[in-house]
Amino acid sequence: MTPAASKLYTDDVSLLMVLIETNPFFWNSINSTLSFSKFISNVLAFLNSILLLNRLNQVVVIATGYNSCDYIFDSSALHNHNQKAESLLQKLEEFVDKDESLCRDDSVDGPGFSLLSGSLSMALCYIQKVFRSGPLHPRPRILCLHGSPDGPGQYVSIMNAIFSAQRSMVPIDSCIMGAQHSAFLQQASYITGGVYLKPQLLDGLFQYLTTVFTTDLHSRSFLQLPKPVGVDFRASCFCHKNTIDMGFICSVCLSIFCKHHKKCSTCGSIFGQAQTQDSSTPDRKRKTSVDK
Amino acid sequence: MADGQMMKRAKYKSSVKDPGVPGVLKMTRERFVFMPNDPNSSRKLNVEFRTIKGHKFTKEGSSKQALLNLTQEQGGNYILEFDNFADRDICREFVAAAIAFHGETGKATSEKPAAPFQGDQLSTAEMEHRIKLLQEDNELQMLHKQFVIGGILTEAEFWATRKKLLDQNDRRRPKQRVALKNEMWSVKPLSDGQSNRVTFNLTPEIIHQIFAEKPAVRQAYLKFVPIKMSEKEFWTKYSRAEYLHSTKNVVAAAAEAAEDEELAVFLKQDDMLANEARRKIRRVDPTLDMEADVGDDYLHLPDHGLLREESKDVLESQYEPYRRHFSQDLNQHAAVVLQGRVVDVELGDTRSVAEALSQTKQAELANEASEGNSKKDLSYRISRIAEMDDLQGPRDPAVAPLCIKDPRDYFDSQQANALGDTGSGAKTLKCNVNPLEAYGSLKELVSEIRVTGLSEPITNPEVPFTVLSSLTQNISSTKYHLGKNPHESVLDSLPKVTREDLLHHWTSIQELLKHFWSSYPITTKYLYTKVTRLKDAMSQVYPKLQEIKESVQSDFRHQVSLLVHPMLQALDAAFAHYDADVQKRSAKNGERPNGFV
């Protein structure tokens with residue numbers, strides 16, 4: 001980096017990883033004023049404004065599909081700066097084709113689950129690459145534009161991704177477009193110190209994006225952003241992937257199970273025997289027979 | 001003491017200065033009776049423990065009297081003096097148990113909260129630990145008062161879950177012992193400039209040290225005193241020898257040694273030490289620790305790096321034995337210091353100290369002789385050290401420290417679950433979709449954008465305005481209610497009394513539930529009664545929580561009820577479990593005729 005370039009690295013240079021939801025079943029089942037095309041146009045305008053804020057800002061877009069995830073757009077790899085939107089849309093179309101070809105289900109009920117854990121991992125890998133690129137790099141953060149419900153089967157991988165984001169100090173912001181709150185993303189934003197928002201008016205998605213999610217990490221220390229009222233900390237069990245409130249926990253590796261098991265499937269430790277209540281009744285029977 | 005009666009000789013005094021009337025003190029659980037030795041004296045006592053509220057006692061110390069002061073509520077007191085501290089301590093424990101027994105409904109006094117009477121014996125030290133723990137931690141004291149003194153939990157159960165606390169205290173504060181002084185060199189005789197007298201000061205401490213460091217002197221002491229010479233003479237001769245050594249005049253030392261046989265013992269080199277050193281050398285581990293020796297390259301320096309004394313004059317052989325080597329003295333002193341205090345005898349009697357030390361030394365010798373398998377041990381050690389470092393596997397990676405959060409963090413952030421969804425922008429259709437269709441429509445939409453491009457304006461102008469105003473209102477209202485700091489809790493905004501109450505209820509409910517759930521599955525009658533006790537206590541919490549809810553101002557009422565909600569849920573779950581269990585039991589016992597348990 002030339003010395004001149006280093007002077008340009010002000011506090012607010014950011015690297016924004018946007019994970020957009022491209023699960024077709026979700027977009028098909030949503031019944032609101034936000035269609036996929038409106039969504040994409042809002043997002044494109046938002047990306048343009050991010051790149052306008054600072055010359056050195058970088059944006060990377062990852063598509064979260066139903067069967068796969070892929071990088072769609074990388075602003076630093078672009079040669080022709082006038083054709084950002086075109087290249088993004090082109091890549092998006094190719095991605096949707098690829099995703100369709102990987103689809104093996106005959107029919108899907110409802111919105112289905114998108115591969116959030118995959119795209120989170122891809123985002124974190126890219127961020128790690130940026131960290132190792134040199135002493136000067138923009139401050140990364142992740143923005144999840146998510147709508148599908150949480151897939152309990154992805155609990156473990158999502159939690160792992162969240163913890164590694166926490167260690168690398170990368171905040172995960174979430175903007176939920178679906179009908180229900182997402183427990184995973186609530187936890188993600190809480191643990192990593194990001195912003196979680198479920199917009200009331202999806203029409204004005206662009207306004208939400210520019211008001212809340214454009215703020216860079218430096219400015220967040222003196223700006224006030226909406227806070228969630230609370231966080232849903234429920235976990236999924238490791239055996240059936242159901243969301244549970246109360247369960248059994250292995251004391252060695254802290255894996256969660258909904259039913260009693262003889263052995264922990266994660267670390268292999270053997271659990272002790274649970275006492276049964278039947279042992280009390282024989283005593284009583286014996287006692288009365290003695291009395292007689 | 002368990003049979004409830006005690007008799008000891010004591011003196012009854014009306015005040016501390018009073019010499020006291022000697023007599024016999026007899027104590028039972030109900031009362032204590034003091035009968036003076038002199039039948040004509042009128043100083044009899046017959047006092048019930050019910051009236052005694054507290055007891056004070058003097059600390060142990062050789063110059064103080066062993067006093068026990070029993071105080072009454074109205075201010076009267078009875079001072080008893082015992083012959084020794086052991087007696088006094090026994091009586092004190094008895095009195096404490098008796099007072100506690102009578103004062104069981106008691107209030108915790110500021111000095112000592114009443115320790116409830118226990119069937120099983122607790123040592124005084126443990127009792128004192130518990131009392132101290134209770135005094136230090138207010139929360140613990142409140143819980144203890146509420147449950148143990150209220151009769152819901154027994155003392156043993158309460159402390160059973162806090163074993164860690166009790167253990168910790170025991171290990172704190174190891175007694176510090178006085179170390180050995182380096183006064184071998186600094187026992188400088190006080191020499192008077194004018195006369196030729198030199199005075200040595202030998203305290204029992206120094207004598208103990210001399211015996212520890214110089215076995216020859218010790219042996220000489222045992223041999224000579226009191227047969228050949230008195231103790232004073234012995235020490236005079238020893239001092240003379242020390243003085244001669246301090247002058248560093250070896251020739252003079254040799255001369256004096258030739259004259260006086262006993263002096264010679266002090267002046268010559270210590271044979272016993274030499275033997276000991278030889279023994280130690282034989283026991284040294286021959287395995288080489290390459291890492292430790294790497295920095296010690298003293299082979300190439302003259303004299304192996306040690307500083308030599310300047311007097312390189314070669315003495316005649318007859319004088320050699322009278323020379324003292326500083327390094328040897330230093331090593332011996334270090335060895336003795338590292339060994340620590342081997343003997344715990346009182347230092348007054350020199351002879352006993354000497355004997356005790358020689359006995360320990362002999363015991364050591366005997367131990368060594370009996371160790372036949374030391375060679376096997378040595379060879380095993382050698383074989384272990386011969387492992388190659390390079391061939392060992394990689395060590396485990398360092399682990400990150402475990403971060404256990406305060407449960408209160410989650411406690412007040414759970415209100416989100418209670419709130420549920422406050423309206424949502426989108427609703428989902430439940431439909432069964434063919435993937436082909438779904439993907440097809442998606443691709444269509446994408447190509448649509450490519451063709452038409454971004455619409456201008458992106459949205460209708462009113463919509464962003466609505467969004468902005470609602471966001472602003474949301475942020476400002478949450479700031480008003482929840483405060484700036486996202487981790488600041490609702491609890492802080494409540495009035496102090498309510499907050500304290502809520503937190504107290506939370507901890508007490510946790511304690512109750514802990515004991516409740518740990519008693520399941522119920523296998524013994526004891527557990528059954530315990531569960532019933534706990535259940536009754538838990539049912540009393542409900543009206544208290546209701547009271548708190550009603551006592552708060554209307555703005556906070558909703559938040560307080562949100563905070564109270566999880567507590568009620570936990571209690572409800574416990575009760576549900578209890579009821580289910582009772583039903584199961586009664587179903588099992590259903591075939592019995594009514595009335596039998």
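Every chain is numbered from 1 and lettered A, B, ... according to where its sequence line falls, protein lines coming before strand lines. Quick note: numbers below take in every heavy atom, side chains included, and nothing from hydrogens, waters or symmetry partners.
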How far apart are the closest heavy atoms of [X] and [Y], and which atoms are they?
| X | Y | answer |
| --- | --- | --- |
| B:I475 | A:P226 | CD1-CD, 3.6 Å |
| A:P24 | B:L442 | CB-CD2, 4.0 Å |
| B:V446 | A:L89 | CG1-O, 4.0 Å |

Once you round to the nearest 0.5 Å, how far does [atom1] of [X] lie from [atom2] of [Y]?
| X | Y | atom1 | atom2 | answer |
| --- | --- | --- | --- | --- |
| B:S441 | A:W27 | OG | CH2 | 11.5 Å |
| A:E93 | B:K443 | CD | NZ | 8.0 Å |
| A:L201 | B:E462 | CG | CD | 12.0 Å |
| B:I449 | A:L44 | CD1 | CG | 7.0 Å |
| A:L197 | B:L471 | CG | CG | 6.5 Å |
| B:R450 | A:L92 | CZ | CG | 9.5 Å |

* Heavy-atom pairs under 4.5 Å with chain B are the metric here; pick the option from A:D97, A:N23, A:T22 that has the most. => A:D97

* If you count heavy-atom pairs under 4.5 Å with chain B, which of A:I40, A:N42, A:D99, A:V96 comes out on top? -> A:D99

* **From CA spacing to verdict: side chain to side chain contact (heavy atoms under 4.5 Å, CB included), A:Q207, B:V463** => CA-CA 8 Å; A:Q207 184 61 39; B:V463 177; over 6 Å; no

* Asked: CZ of B:F465: more than 12 outside heavy atoms within 6.0 angstrom?
  -> no

* Would you check, one step at a time, whether the test side chain to side chain contact (heavy atoms under 4.5 Å, CB included) holds for B:V467 with A:Q200? => CA-CA 8 Å; B:V467 167; A:Q200 306 287 352; over 6 Å; no

* Interface moiety of B:S470 toward chain A, non-hydrogen atoms closer than 4.5 Å -> side chain

